[in-house]
Amino acid sequence: MNRTEELIQKDINHLWHPFTQMKLWPEEPPLIIEKGDKNWLIDTDGNRYFDGVSSLWVTVHGHNHPRIKAAIKDQLERLDHSTLLGLSHPLAVLLAARLAEIAPGDLKWSFYSESGSTAVEIGLKIAYQHWQQVGQTQRKTFVALENAYHGDTIGSVSVGGIDLFHKVYGPLLFDVHRLPQPHCRACRLGLKYPECDLACANALDDILEKHGPEVCALVVEPMMQGAAGMVAQPKGYLTRLYEIAQKHDILFMADEVATGFGRTGKMFACELEGIEPDIMCMGKGITGGTLPLAATMANDRVYNAFLGDFDEFKTFFHGHTYTGNPLACAAALASLELFSENRVLENLAASIDHLEKGLAKIAALKHVVEIRRQGMMVGIELALDKEADEPYEASERMGHKVIMAARKHGVIIRPLGDTVILMPPLSSTLEELDLLLAATEKAISEVTETA
Ligand SMILES: Cc1ncc(COP(=O)(O)O)c(C=O)c1O
């Protein structure tokens with residue numbers, strides 16, 4: 001057995017992979033990635049693949065960026081870890097101050113954790129406890145969107161709405177009011193775009209007219225519902241939700257775990273509509289995609305509810321062992337410096353434009369029923385019959401087949417069901433975007449036209 005074969009054998013024998021039917025896993029030996037080089041991943045046999053989903057939506061400036069590496073190494077020379085419980089450290093402080101500068105509106109306070117799920121979990125607990133401590137103890141529930149995805153811990157699953165992932169946990173979850181998803185071809189209100197979008201947003205008003213005084217917060221992935229299959233919200237939708245939330249005086253909690261750090265073309269998606277959330281969750285791209293770190297930000301309104309005398313016990317009794325890990329904070333600060341020095345957001349407009357134009361060819365394919373895009377986030381939905389909008393049988397695993405075919409063309413992508421996701425690193429060159437688009441087009445044609 002060579003080294004790759006040995007690793008594959010051990011993987012098959014011992015490693016339980018996320019979101020993976022392990023019974024089928026041994027049938028398609030895994031690629032074992034051992035190196036990163038800018039926007040490319042390299043396997044144990046030396047094959048190079050363009051990272052078309054930014055290693056699950058995290059890579060921002062490319063892999064192993066020398067500046068981020070140096071910042072982590074430099075921090076490691078000084079301090080590997082120290083707790084934020086009862087102590088502080090310079091980079092946790094500097095990062096919190098920097099996040100307050102770049103976050104929308106008056107978000108000022110950062111609470112660190114390690115993943116998007118925990119950032120959301122923390123946001124939910126903060127929203128809930130805030131109301132308990134300002135005397136509105138009847139506020140015990142949340143409003144969230146159909147098909148929402150906010151992570152895999154029990155609180156974030158409660159506000160999540162993807163039956164395939166979440167239904168089985170029903171008895172463990174708290175109740176949430178569900179808002180219909182906008183721009184959904186199978187609109188449950190039976191409306192067509194664009195009336196549908198306005199009606200979907202206005203549904204929040206109906207819910208809050210009835211249940212407003214019991215609601216802590218509206219939880220929403222702004223502008224693009226990622227794991228739902230890249231469901232883009234139309235212009236004005238988020239603004240309408242925001243206005244209604246304000247009218248009923250509930251907290252607005254934005255989950256920017258996927259959309260944050262440039263993915264939509266702005267630093268945060270909320271900026272696209274001038275939304276100023278009370279609570280905002282961030283993760284994924286915060287460290288440029290190098291180390292696990294997340295932050296839940298709050299404004300003064302929320303934060304002040306936690307202030308009091310010691311024996312009032314208004315403290316936020318929450319904190320993870322590795323909260324605000326110094327190495328991760330070093331990576332995050334270096335990544336934010338790169339954003340400014342390389343004018344990443346300013347330069348992104350050309351890449352987004354290029355991506356949009358290049359997608360036109362894919363949109364014309366016989367089995368591509370819809371392409372949804374926001375900045376560098378793309379969902380390409382496949383269907384058996386485009387005209388009749390008839391999906392493939394789930395058992396055909398068309399999305400999976402397409403991404404496996406794309407590997408043969410040197411590109412790593414991932415599907416969400418039969419929606420093929422493209423989310424290239426922000427540092428992708430125009431040539432690399434062309435390669436990603438060409439490989440995706442070829443893979444879709446090969447798989448769908450021979451099926
Ligand atoms: C919008 C959103 N929120 C939360 C999460 C959960 O993040 P993590 O996987 O880091 O727990 C994700 C992950 O995809 C996400 O897209």
Side-chain angles (χ1 to χ4, degrees), residues 17-20 53-60 111-127 142 144-162 164-166 169 173 176 179 181-182 217-233 238 241 252-264 266-270 272 275 277 279-297 320 322-323 325 328 331-332 372 374-379 413-417 419 421-423:
H17 289 262
F19 284 92
T20 301
V53 280
S54 298
S55 290
L56 221 38
W57 316 357
V58 298
T59 313
V60 175
F111 195 100
Y112 295 121
S113 61
E114 304 80 31
S115 71
S117 305
T118 54
V120 169
E121 204 75 30
I122 287 163
L124 296 171
K125 285 178 73 177
I126 287 178
F142 290 83
L145 266 68
E146 274 177 359
N147 282 320
Y149 180 79
H150 297 289
D152 298 332
T153 52
I154 289 300
S156 59
V157 167
S158 294
V159 285
I162 300 182
L164 177 67
F165 304 161
H166 301 148
Y169 304 108
L173 310 178
V176 165
L179 212 49
Q181 185 183 42
L218 167 71
V219 184
V220 60
E221 297 164 76
M223 301 308 290
M224 188 64 136
Q225 282 185 258
M230 298 297 156
V231 177
Q233 296 159 2
L238 201 63
L241 289 189
F252 192 98
M253 175 165 150
D255 177 355
E256 292 250 15
V257 170
T259 50
F261 300 97
R263 291 287 161 201
T264 65
K266 295 278 183 197
M267 187 58 101
F268 297 105
C270 283
L272 289 164
I275 305 298
I279 298 174
M280 193 165 97
C281 309
M282 36 179 113
K284 289 199 187 274
I286 188 170
T287 58
T290 53
L291 286 169
L293 181 72
T296 308
M297 294 194 73
H320 302 194
Y322 281 99
T323 184
N325 172 261
R372 300 175 288 268
Q374 183 68 254
M376 296 287 268
M377 306 171 83
V378 179
I413 46 179
R414 247 191 89 78
L416 283 160
T419 299
I421 305 302
L422 308 183
M423 194 159 343

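Counting starts at 1 for both ligands and their atoms, following the listed order.
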Verdict with reasoning, Val257 to Lys284, per side chain to side chain contact (heavy atoms under 4.5 Å, CB included): CA-CA 6 Å; Val257 170; Lys284 289 199 187 274; 3.7 Å; yes
Close side-chain approach of Gln233 to Gln374, heavy-atom, < 4.5 Å: no
Flag side-chain contact, heavy atom, 4.5 Å: Phe19 against Leu416: no
Neighbour count above 12 (heavy atom, 6.0 Å) for Tyr169 OH: no
Parallel, tilted or perpendicular, as decided by the 30° and 60° cut-offs, for the rings of Tyr149 and His166: parallel
No-hydrogen, no-angle side-chain donor-acceptor test under 3.5 Å, Glu256 and Thr259: yes
Near ligand 1, at a heavy-atom separation below 4.0 Å: residues by chain and residue number: Trp57, Ser115, Gly116, Ser117, Tyr149, His150, Gly151, Glu221, Asp255, Val257, Ala258, Lys284
